[in-house]
Structures are given as structure tokens and as C-alpha cells.
Amino acid sequence: ILSCFSVCYLQPALGKTKSKGLTCLGPDFVYGTVATIQDGGVSEALSNWHTHSLPTSGSRGHSRRPGKDFVALNREGVKSGLVTAKEHYQYRATHDRRQASLARRGSRVPVPPRIPPDTTFGISTQPSTPICELLEHKYAQRWLEEQQAKERALEERQLNLPKLGRIQETRTTLLRKSRPMPESTPLWKLPRFQQVGPALDTFRDPYARKKAFNAHFSDSVAQTGQLGQGTYTVG
């Protein structure tokens, strides 16, 4: 067992800086203390098994001396008129009062239960796993089969769910599907000119006329006037 090293510090030489190091005490110096315990060494530990004996019921309370009752000593010191800590310390040093034993108090010291010598602690050993199942990955295959069985059961449960009937169409759903185009009202004419056709047609064909009117309609948004034929309002 080694204790604290006892070394001497280097003395600084005259006119030189102090060296950062320690001097050894020589090859004959032995560090540590000599162990006086003779326990037999490793051979004794391997050949013998030392056990601690449990205290018996008849020997309890007789071998241990009760400790000092400092509460009672402080109380007696206050009754004697002592007020400072030094006076109480001297009073406790000159007077002795022990605590009451457990037997006098009426309490019972719990005694450890008597255990049979052939009792084995712990849980029973589980049966060993066959090495063939580990080599063949039986646990992984079993887990995959369980997962597939769960998926099949879930699919069957979803197929057996009651199906809802067809929802009848309402006016709102029909209007959402088909939006009728607004009917264009013809321009107003005098009754005597309603049967008279145009005197001048500048378009080559009806398709060119329709294309020109569509372009005029898309461009009339940025023009002034009710018919969108005025000046541009942008900029």
C-alpha cells in the first residue's frame, strides 16, 4: 500500500534560476508503507471462503454501548445556568449521560430472517434457444408472416365495410356541373327596320366578323364609354 511521496525540493543555485523539478531520494529509498496484514495471499483466498456470522437474538444490545445523550446533557446544562458554547462544551466533557437502551424503550430490533443454507437466489434459467433457428433466421421469417397476416386481416376488414348508396343529384350539384351561357339580347331597332338587312358588310365571312367582335370585346375593358369604344383609360 503506497502512501504520499516524501520528496525534497531542489534548492535554487546562487545566481541561477530555480529549476522546475524534484530530486529523487536515491535507489535505496522505498516509497510507501509496509503492509502488516497477513491474509495468506492468493492461495488463501482460493482455498478458503470467509463468511460473516449473523448476530443472534441473545447477543443483541449487550456488546454495543449506547452513545451519549447530547439532548439530555444540553438540557441539564441549561438548567444549571450555562449560556455560552464553551460552558456547554466543558459540561459535556465532565458529565456523562447515555441514551436509553432499545430494550428499555420497548422497541424490537429487526432480526434478519433465517435462510436455509440450500436456498438459491435469482430466477430460474430460461430454456436455451435452438441454434438451428438462429442460423435459418426463423425469428425474422416468423415476424414477416405475422406482419403479412395483420395486413391481410386489415384488407378484409376494409372490404367488409358497408358501402354508401348513390347520392341523388340536386339543383345545386347540377348547376355546378353545367353552367348555361347567358343569352345575348339583340340590339334595338325600329320596327320598320327590323326586316331590312345591312346595306354594307365589310367582313369577308361570318368567321372574320366573329373574330373581330371578340377582339373588340376583349379590348373594350381598357376603353371609356358604355360600349367600350372611347379612349384608353390606362396611363
Side-chain angles (χ1 to χ4, degrees), residues 1-131 133-134 139-140 142-143 146-147 150:
I1 303 173
L2 296 179
S3 62
C4 299
F5 295 104
S6 57
V7 294
C8 60
Y9 290 94
L10 290 174
Q11 297 294 333
L14 182 62
K16 294 183 180 180
T17 59
K18 186 176 180 180
S19 177
K20 297 181 180 179
L22 302 175
T23 56
C24 297
L25 299 180
D28 298 334
F29 184 80
V30 179
Y31 297 93
T33 57
V34 181
T36 58
I37 301 175
Q38 302 293 334
D39 55 355
V42 179
S43 60
E44 183 70 18
L46 295 176
S47 59
N48 295 322
W49 185 265
H50 297 282
T51 58
H52 298 278
S53 59
L54 297 175
T56 58
S57 59
S59 60
R60 61 180 181 179
H62 299 283
S63 59
R64 182 179 299 177
R65 185 183 180 186
K68 275 190 174 184
D69 193 353
F70 291 96
V71 176
L73 289 175
N74 293 337
R75 183 169 55 249
E76 296 296 333
V78 171
K79 291 180 180 179
S80 302
L82 306 180
V83 292
T84 62
K86 185 176 181 180
E87 293 174 350
H88 279 280
Y89 179 78
Q90 294 177 356
Y91 182 83
R92 288 194 299 268
T94 55
H95 296 75
D96 189 11
R97 187 165 182 177
R98 299 292 172 173
Q99 296 178 356
S101 60
L102 297 177
R104 295 179 182 177
R105 295 179 185 177
S107 60
R108 304 178 64 182
V109 179
V111 180
R114 296 183 178 274
I115 302 173
D118 55 347
T119 301
T120 303
F121 297 94
I123 59 176
S124 59
T125 306
Q126 299 294 331
S128 59
T129 304
I131 192 63
E133 294 187 359
L134 296 176
Y139 296 99
R142 193 178 306 167
W143 182 82
E146 292 177 357
Q147 297 299 322
K150 290 181 180 179

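Bear in mind that the values here come from a model prediction, so they are computed numbers and not experimental data.
Screening residues 70-91 for ring pair (Phe, Tyr, Trp, His ring centres under 6.0 Å) gives Tyr91-His95 as the qualifying pairs, with residues at least two apart or on separate chains.
Residues that satisfy the side-chain contact (heavy atoms from CB on, under 4.5 Å) test with Pro27, not counting sequence neighbours, are absent from this structure. Glu76 meets the salt bridge (Lys or Arg N to Asp or Glu O under 4.0 Å) test with Arg97; sequence neighbours excluded. For Lys86, the side-chain contact (heavy atoms from CB on, under 4.5 Å) criterion is met by Thr84, Gln90, not counting sequence neighbours. Listed by chain and number, the residues in a side-chain hydrogen bond (donor to acceptor under 3.5 Å, both in side chains) with Asp69 amount to none (sequence neighbours excluded). Legend: residues meeting side-chain hydrogen bond (donor to acceptor under 3.5 Å, both in side chains) with Arg98, ordered by chain and number and at least two apart, are Asp96.
Nearest heavy atoms, Glu87 versus Leu82: OE1-CA, 3.5 Å.
Judged purely by atom type and a 3.5 angstrom limit, Lys68 has no side-chain atom pairing as donor or acceptor with the backbone of Leu73.
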